[in-house]
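This report concerns only the one structure given below.
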Amino acid sequence: MKAAPPAPGSPAGDSPWAPLAARVFRALWIAQLVSNVGGWMQAVGAQWLLIGHDAALVTLVQTASSLPVVLLALPSGVLADRFNRRTVLLAAQFAMLAVSTVLAVLAFADALTPAVLLGLTFLLGCGTALMGPAWQAVQPELVERRQLGQAAALGAVNMNLARAVGPALGGAVVAAAGTGWVFAFNAASYLGIAAVLLLWKPPASQVPAVRGEKLLAAAHAARRYVWNAPGVRRVLLRTALFIPGGAALWSLLPLVASRSLGLGSGGYGLLLGVVGLGAVGGAFVLPAIRRACGVNGTLAAGTVVFAGALAVLATVRIPWAAAVALLPAGLAWIAVLSTLNAAVQARLPGWVRARGLAVYLLVFQGGQALAAPLWGLLAERLGLRATLLLGGALLLAGAASLRRWPLRGTDGIDPTPSDHWPVPPLLFEPGPSDGPVLVSVSYRVAPGNGVAFTARMDQVARSRRRTGALSWGLYQDGREPDRFVENYLVASWAEHLAQHHGRLTNTDRRHEEHARELLAAPPEVTHAFDATAGPVRDVKEQADAGA
């Protein structure tokens, strides 16, 4: 399924198009491009049907598309980690095909009221929410890990290339034949992705969630992982600081086109197309920008350029001048989002990847869903010009915050699974649901290393909590100060076995080895079970019976 990896430092490996050498990635990328073109045609048709209403109603199209991610992203991530991701993706495609078909039929019958249009757009957003985590999570299965940045950029190129074609095509079709035909094309566009997925035979390498794990427990595991992964939290923070200001452009551009520039649906489509062209062109220069500016420099530059585009839209009344400002805005958008997307993918291990990406999508799409109606209301109260300038100011404040909260590098992160824990030496076999389980590890620290050991155990503590520990503590023996005892509680025996087999990564292993360099003797591990949760086992009788 994967293409042979190019040699490190080779031109093929550095090329922004290198992931397209992987056959399945290439086929899905092309099918997704057709689907995204249909999606942008549908968006233009939906927004233009409401253009005669007030600003808040127009911006609700974006809210209806994005709000389902707020509601369904985490459950969708759980489904993508528990079940076959290909099956989840196929279910989403056929569901969106059905909704789009209904939308087209109602449009041809001239029966689309604003409420029905927004309701069906919301259902399409539900399909997108179901698809999003699974789609993101399969990317590392299609390309080499070191190409994740290029793959993320190509995903953004895909969306923006569709933005370059879809809105202009959608505007022309709406003007020439009506909205029904753009909705019909969008319905047909889902068939390509479905065909590729049906032909794809994914490897059996996906790490499933704990067998029998409940949905709420799986969602809680995602929350626990993200909370104890500082690098992932920082990516989410940077996303939350960029998206609300960035949403001002997408929410208010239909109003800029119609009110400020006097354009029709075709002109609005062309403006969106210019943004897409800028993003596609950005894919050629983005690797050079990242090499020259670094990750945080790229984020800062992209945010400032996007803020500048909002300022130009607020002040100009000439269509070509607005188009010139939107060209670098497309490059800035792909620079910021591909950087954030690659950063979160590189940090997530397979067992929780879809759920972690669901949290990222929740912040990304949720920020757009919540910000869009606010920008519409502000445009009605403050005016379009003041609202666009306010969005630019918000983006500049986010760029300034990079000095305080920069994005951390991923050089020391290896999310590859590590099966380095030995099999627990028990006299009886616990059931999967037995628990909670108290794991105790006794350490004999070399004299004089106590302070350094406790400092290094901070990373081990995060590892335990990320992978399943409900609580964690490190204690120093009062009679033997060089003896430390680590205690952590896991909900069940199945959860603890998941730590042994699948959840621990090479990064976790390095943190453990770093702390154990300071020991005078190998650690001793014990496993204790809640004696009040079930019958106490008579170990002596079991041992005699076994003998």
Side-chain angles (χ1 to χ4, degrees), residues 74-75 77-78 81-82 207-233 236 347-356 358-359 362 415 417-426 428-443 454-476 484-505 507-509 511-512 515 523-537:
L74 196 50
V78 171
D81 276 334
R82 282 174 56 89
V207 180
V210 177
R211 188 171 297 173
E213 186 180 27
K214 305 298 182 184
L215 290 177
L216 287 178
H220 178 66
R223 182 206 62 79
R224 183 178 61 223
Y225 185 93
V226 170
W227 183 255
N228 291 287
V232 174
R233 292 206 315 270
L236 298 179
R347 286 170 165 83
L348 292 169
W351 71 272
V352 75
R353 183 182 300 135
R355 282 168 282 179
V359 176
L362 177 63
S418 177
D419 199 7
H420 62 278
W421 281 4
V423 176
L426 305 180
F428 60 86
E429 182 64 31
S433 61
D434 285 357
V437 182
L438 177 65
V439 183
S440 298
V441 188
S442 177
Y443 301 98
T454 56
R456 295 185 183 187
M457 286 296 288
D458 284 344
Q459 293 286 357
V460 176
R462 290 196 183 98
S463 168
R464 305 289 196 243
R465 291 190 174 107
R466 280 196 299 268
T467 57
L470 302 176
S471 62
W472 182 91
L474 182 66
Y475 306 89
Q476 186 176 22
F484 290 78
V485 178
E486 174 195 11
N487 287 332
Y488 62 95
L489 197 67
V490 186
S492 67
W493 185 240
E495 280 274 317
H496 184 56
L497 288 181
Q499 289 181 306
H500 275 263
H501 310 295
R503 290 189 177 179
L504 291 173
T505 68
T507 301
D508 298 317
R509 177 179 55 79
H511 290 323
E512 291 180 14
E524 299 177 359
V525 184
T526 62
H527 300 78
F529 297 81
D530 186 356
T532 65
V536 176
R537 298 169 178 83

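Below, all heavy atoms of this structure are taken into account, side chains as well, without hydrogens, waters or symmetry copies.
Contact of the Phe428 side chain with the Asp434 side chain is not registered, since no non-hydrogen atoms from C-beta on lie closer than 4.5 Å. With a 4.5 Å cut-off on side-chain heavy atoms, Pro417 and Trp351 do not count as touching. Looking at Leu362 and Leu74, their side chains never come closer than 4.5 Å, going by heavy atoms from C-beta outward.
Residues His420 and Ser418 approach most closely at ND1-OG, 2.8 Å, considering heavy atoms. Closest heavy-atom contact between Ser492 and Val437: C-CG2, 3.8 Å.
In this structure, the ring-ring contact (aromatic ring centres under 6.0 Å, His included) partners of Tyr443, at least two apart in sequence or on a different chain, are Phe453. Looking at residues two or more places apart in sequence or on another chain, you find no side-chain contact (heavy atoms from CB on, under 4.5 Å) involving Asp458. Legend: residues meeting side-chain contact (heavy atoms from CB on, under 4.5 Å) with Ser440, ordered by chain and number and at least two apart, are Leu438, Asn487, Thr526. Here Trp421 pairs with Glu512 under the side-chain hydrogen bond (donor to acceptor under 3.5 Å, both in side chains) rule; sequence neighbours left out. Residues satisfying the side-chain hydrogen bond (donor to acceptor under 3.5 Å, both in side chains) criterion with Arg233, sequence neighbours excluded, are absent altogether. With sequence neighbours left out, the ring-ring contact (aromatic ring centres under 6.0 Å, His included) criterion links His220 to no other residue. Taking Arg509 as the reference, Glu513 meet the salt bridge (charged side-chain N to carboxylate O under 4.0 Å, His left out) condition, with sequence neighbours excluded.
Atoms OG1 and NE2, from Thr505 and His511 in turn, are 7.5 Å apart once rounded to the nearest 0.5 Å.
The aromatic rings of His496 and His500 sit perpendicular, their planes meeting at an angle over 60°, well past the 30° parallel limit. Using the six-membered ring where Trp is involved, His527 and Trp493 have ring planes that are perpendicular, over 60° apart on the 30 and 60° scheme.
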Would you tabulate the side-chain donor-acceptor contacts of residues 465-474 under 3.5 Å, counting partners in other chains and residues two or more places apart, or write 'none'?
unit_1: Arg466; atom_1: NH1; unit_2: Asn228; atom_2: O; d: 3.0
unit_1: Arg466; atom_1: NH2; unit_2: Asp508; atom_2: OD1; d: 3.0
unit_1: Thr467; atom_1: OG1; unit_2: Ser463; atom_2: O; d: 2.9
unit_1: Thr467; atom_1: OG1; unit_2: Arg464; atom_2: O; d: 3.3
unit_1: Thr467; atom_1: OG1; unit_2: Gln499; atom_2: NE2; d: 3.0
unit_1: Trp472; atom_1: NE1; unit_2: Glu486; atom_2: OE2; d: 2.7

